[in-house]
Amino acid sequence: GSSELAGVAALLKAGKARNVVVMVGAGISTSAGIPDFRSPKTGLYANLSRLKLPYAEAVFDIGYFRRRPEAFYTLADELYPGKFRPTVFHSFLALLERKGVLRRVFTQNIDTLEHLAGVPEDKIVWAHGSFAANHCIDCGTEMATATLKAIMDAGKIPHCARCKGLVKPDIVFFGENLPARFFELAPVDTRAADLVIVAGTSLQVHPFADLPNQVSCPRVLFNLERVGDFGRRKTDVTVLADCDTAVRELATLCGWTAELEAMWAKTAMEETKGEAEGEAEG
Ligand code: OAD
């Protein structure tokens, strides 16, 4: 609740939280208009009946992709980044960076809104990969994103120019390894963390879901529902609320409201700018 958030704000204001590690999932982007995965009515997995999947997660399963790549490619168009504006929560991450206290953001999301909000690449770990590059799932040959997009836009499935294997964006599917950077930075950052913020994730998917267990500092949860083992530690702060609302409250307690809102307002202008650029290119 509020009094606990005041404690978190005090840590930030007193300079006692200088290595903030943030661990996030799809729930931080729902207010941008991107559905999460597991929310009962609105989540992506509840709305995939048109794909006739054996089970919802199959759409991101590497074995299923080999047999029926159309399922993923039907969705890929909708999931493709570039259409959405960062949320207030994303801007709060950029604000932590500006204050010099952000150590890392571990994100399971592939919408790149963290970066669009102003968090630099070196502060982000894309734990479930991204659409930034694409590779053949058999021989590993890269396919340029412009090439892949053109094939997708023509309603076709991309195949490798070298071996005819299936090509897929480098987002991590079930049955695939997470990027090496995740395994390099997770142990170091969880040890160095002096405040952890977990937000918008059901903590159902491993190994990401283990991250909050690996820290010994205070942990804050901003999520609509209780997840993981939050509440078990005396120092846990659990805020069961919309994460935009929650960080606005935290920012107010820190005296950062005007700065946060100004940063968020700027993302609207960036978005308009991006659209104008896109039109000029296309
Ligand atoms: P989930 O859909 O599993 O969980 C989203 C969580 O965010 C849920 O607990 C929601 O209650 C919460 N939530 C939704 N809107 C919120 C809001 N406005 N404020 C606060 N909380 C909110 O999404 P993830 O945990 O990200 O992986 O899912 C993890 C992975 O499963 C994804 O990266 C994806 C998926 O399959 C792969 O595809 C490999």
Side-chain angles (χ1 to χ4, degrees), residues 5 22-48 51 53-65 69 71-76 78-81 84-93 105-114 124-131 137 168-179 182 186 197-213 220-231 237-250 264:
L5 258 192
V22 187
M23 303 161 181
V24 298
I28 67 162
S29 295
T30 50
S31 72
I34 306 171
D36 67 8
F37 295 92
R38 295 179 181 77
S39 282
K41 288 204 176 72
T42 55
L44 188 64
Y45 291 148
N47 291 290
L48 290 182
L51 297 185
L53 300 163
Y55 56 99
E57 270 108 336
V59 71
F60 296 117
D61 184 281
I62 192 67
Y64 189 76
F65 178 76
F72 167 74
Y73 275 110
T74 304
L75 263 198
E78 289 165 46
L79 294 175
Y80 222 86
F84 302 97
R85 176 188 170 187
T87 67
V88 173
F89 188 90
H90 291 104
S91 290
F92 183 78
L93 302 180
V105 179
F106 286 83
T107 183
Q108 299 167 92
N109 299 345
I110 51 177
D111 54 38
T112 68
L113 292 183
E114 299 87 352
I124 305 173
V125 174
W126 309 103
H128 290 169
S130 81
F131 281 97
I137 63 171
K168 156 184 142 338
D170 294 352
I171 60 178
V172 177
F173 276 32
F174 293 107
E176 289 189 306
N177 245 328
L178 275 60
F182 174 87
I197 299 175
V198 176
T201 175
S202 62
L203 293 180
Q204 296 279 309
V205 177
H206 292 265
F208 193 98
D210 294 320
L211 286 179
N213 304 329
V220 188
L221 175 71
F222 296 132
N223 211 63
L224 291 179
E225 55 177 355
R226 192 178 291 277
V227 295
D229 70 344
F230 266 87
V237 173
T238 306
V239 182
L240 301 183
D242 164 61
C243 57
D244 290 338
T245 311
V247 290
R248 275 191 162 120
E249 194 177 334
L250 179 55
W264 189 54

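Atoms within a ligand are numbered from 1 in the order they appear, just like the ligands themselves.
- At least one heavy atom of His128 sits less than 4.0 Å from an atom of ligand 1.
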>> Apply side-chain contact (heavy atoms from CB on, under 4.5 Å) to residues Glu114 and Asp111 and explain how you reach the verdict.
In response: CA-CA 8 Å; Glu114 299 87 352; Asp111 54 38; 3.9 Å; yes
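- Judged by a 6.0 Å distance limit and a 45° cone about the ring axis, Lys168 is not positioned over the six-membered ring of Phe72.
- Every atom of ligand 1 with a heavy atom of Asp242 under 4.0 Å away is listed here by number and element: 17 (C), 18 (N), 19 (N).
- Of all atoms in ligand 1, listed by their number and element, those nearer than 4.0 Å to a heavy atom of Val205 are 29 (C), 30 (C), 31 (O).
- The aromatic rings of Phe131 and Tyr80 are tilted relative to each other, their planes meeting at an angle between 30° and 60°.
- In this structure, Asn47 CG and Thr42 OG1 are separated by 7.5 Å, a value rounded to the nearest 0.5 Å.
- What sits closest to atom 14 (C) of ligand 1 on the protein, heavy atoms only, is Asp36 OD2, 3.4 Å.
- Atoms OG1 and CH2, on Thr112 and Trp126 in that order, are 5.5 Å from each other to the nearest 0.5 Å.
- Near Glu225, meaning under 4.0 Å from any of its heavy atoms, are these atoms of ligand 1: 8 (C), 9 (O), 11 (O).
- The protein atom (non-hydrogen) at minimum distance from atom 1 (P) of ligand 1 is Ser202 OG, 3.7 Å.
- Under a 3.5 Å cut-off, the side chain of Trp264 and the backbone N or O of Pro86 do form a donor-acceptor pair.
- For ligand 1, the polar-atom distance check finds no N/O of Gln204 at less than 3.5 Å from any of the ligand's N/O atoms.
- Scanning the protein heavy atoms around atom 21 (N) of ligand 1, the nearest turns out to be Leu224 N, 3.2 Å.
- At a 3.5 angstrom cut-off on N or O pairs, Phe37 counts as close to ligand 1.
- The CZ atom of Phe208 sits 6.5 Å away from the CZ atom of Phe182 when rounded to the nearest 0.5 Å.
- Ligand 1 has no atom lying under 4.0 Å from any heavy atom of Ala246.
- Checking only distances, Asn109 never comes within under 3.5 Å of ligand 1, N or O to N or O.
- Between Phe222 and ligand 1, not a single N/O pair is under 3.5 Å apart.
- Shortest contact from atom 13 (N) of ligand 1 to any protein heavy atom: Gly27 CA, 3.6 Å.
- Atom 15 (N) of ligand 1 has Thr30 OG1, 3.1 Å as its closest protein atom, hydrogens excluded (heavy atom only).
- In summary, the atoms of ligand 1 found under 4.0 Å from a heavy atom of Phe60, numbered by their order in the structure, are 38 (O).
- Separating the CD atom in Gln108 from the CD1 atom in Ile110 is a distance of 11.0 Å, to the nearest 0.5 Å.
- Atom numbering of ligand 1 starts at 1 in the shown order; those under 4.0 Å from a heavy atom of Ala241 are 19 (N), 20 (C).
- Regarding atom 25 (O) of ligand 1, its nearest protein heavy-atom neighbour is Thr201 OG1, 2.7 Å.
- The shortest side-chain heavy-atom distance between Ile28 and Phe222 does not fall under the 4.5 Å cut-off.
- Polar contact check, Ala26 against ligand 1: a nitrogen or oxygen pair lies under 3.5 Å apart.
- Taking the six-membered ring wherever Trp is involved, the centroid distance between the rings of Tyr45 and Phe37 falls below 6.0 Å.
- The minimum heavy-atom distance between Ala46 and Pro40, with the atom names listed, is CB-O, 3.1 Å.
- Considering only non-hydrogen protein atoms, atom 31 (O) of ligand 1 sits nearest to Arg38 NH1, 2.9 Å.
- Remark: among candidates Ser39, Gly25, Ala209, Gly200, the nearest residue to atom 6 (C) of ligand 1 is Gly200, based on non-hydrogen atoms.
- Going from atom CD1 of Ile124 over to atom OG1 of Thr107 covers 8.0 Å, rounded to the nearest 0.5 Å.
- Interatomic distance, Asp244 CG to His90 NE2, rounded to the nearest 0.5 Å: 9.0 Å.
- Annotation: side chain of Val198 is not in contact with side chain of Asn223 (no heavy-atom distance under 4.5 Å).
- Nearest to atom 29 (C) of ligand 1 among the protein's heavy atoms is Gln108 OE1, 3.2 Å.
- When each atom of ligand 1 is checked for a heavy atom of Phe174 under 4.0 Å away, the hits are 36 (O).
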> Where do Arg38 and Glu57 land on the side-chain contact (heavy atoms from CB on, under 4.5 Å) test, with the steps shown first?
Replying inline: CA-CA 10 Å; Arg38 295 179 181 77; Glu57 270 108 336; 3.3 Å; yes
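- Proximity annotation for atom 36 (O) of ligand 1: of Tyr45, Phe89, Phe208, Tyr45 comes nearest, heavy atoms only.
- When each atom of ligand 1 is checked for a heavy atom of Val172 under 4.0 Å away, the hits are 39 (C).
- Atom 19 (N) of ligand 1 has its nearest heavy-atom neighbour, among Cys243, Ala56, Gly175, in Cys243.
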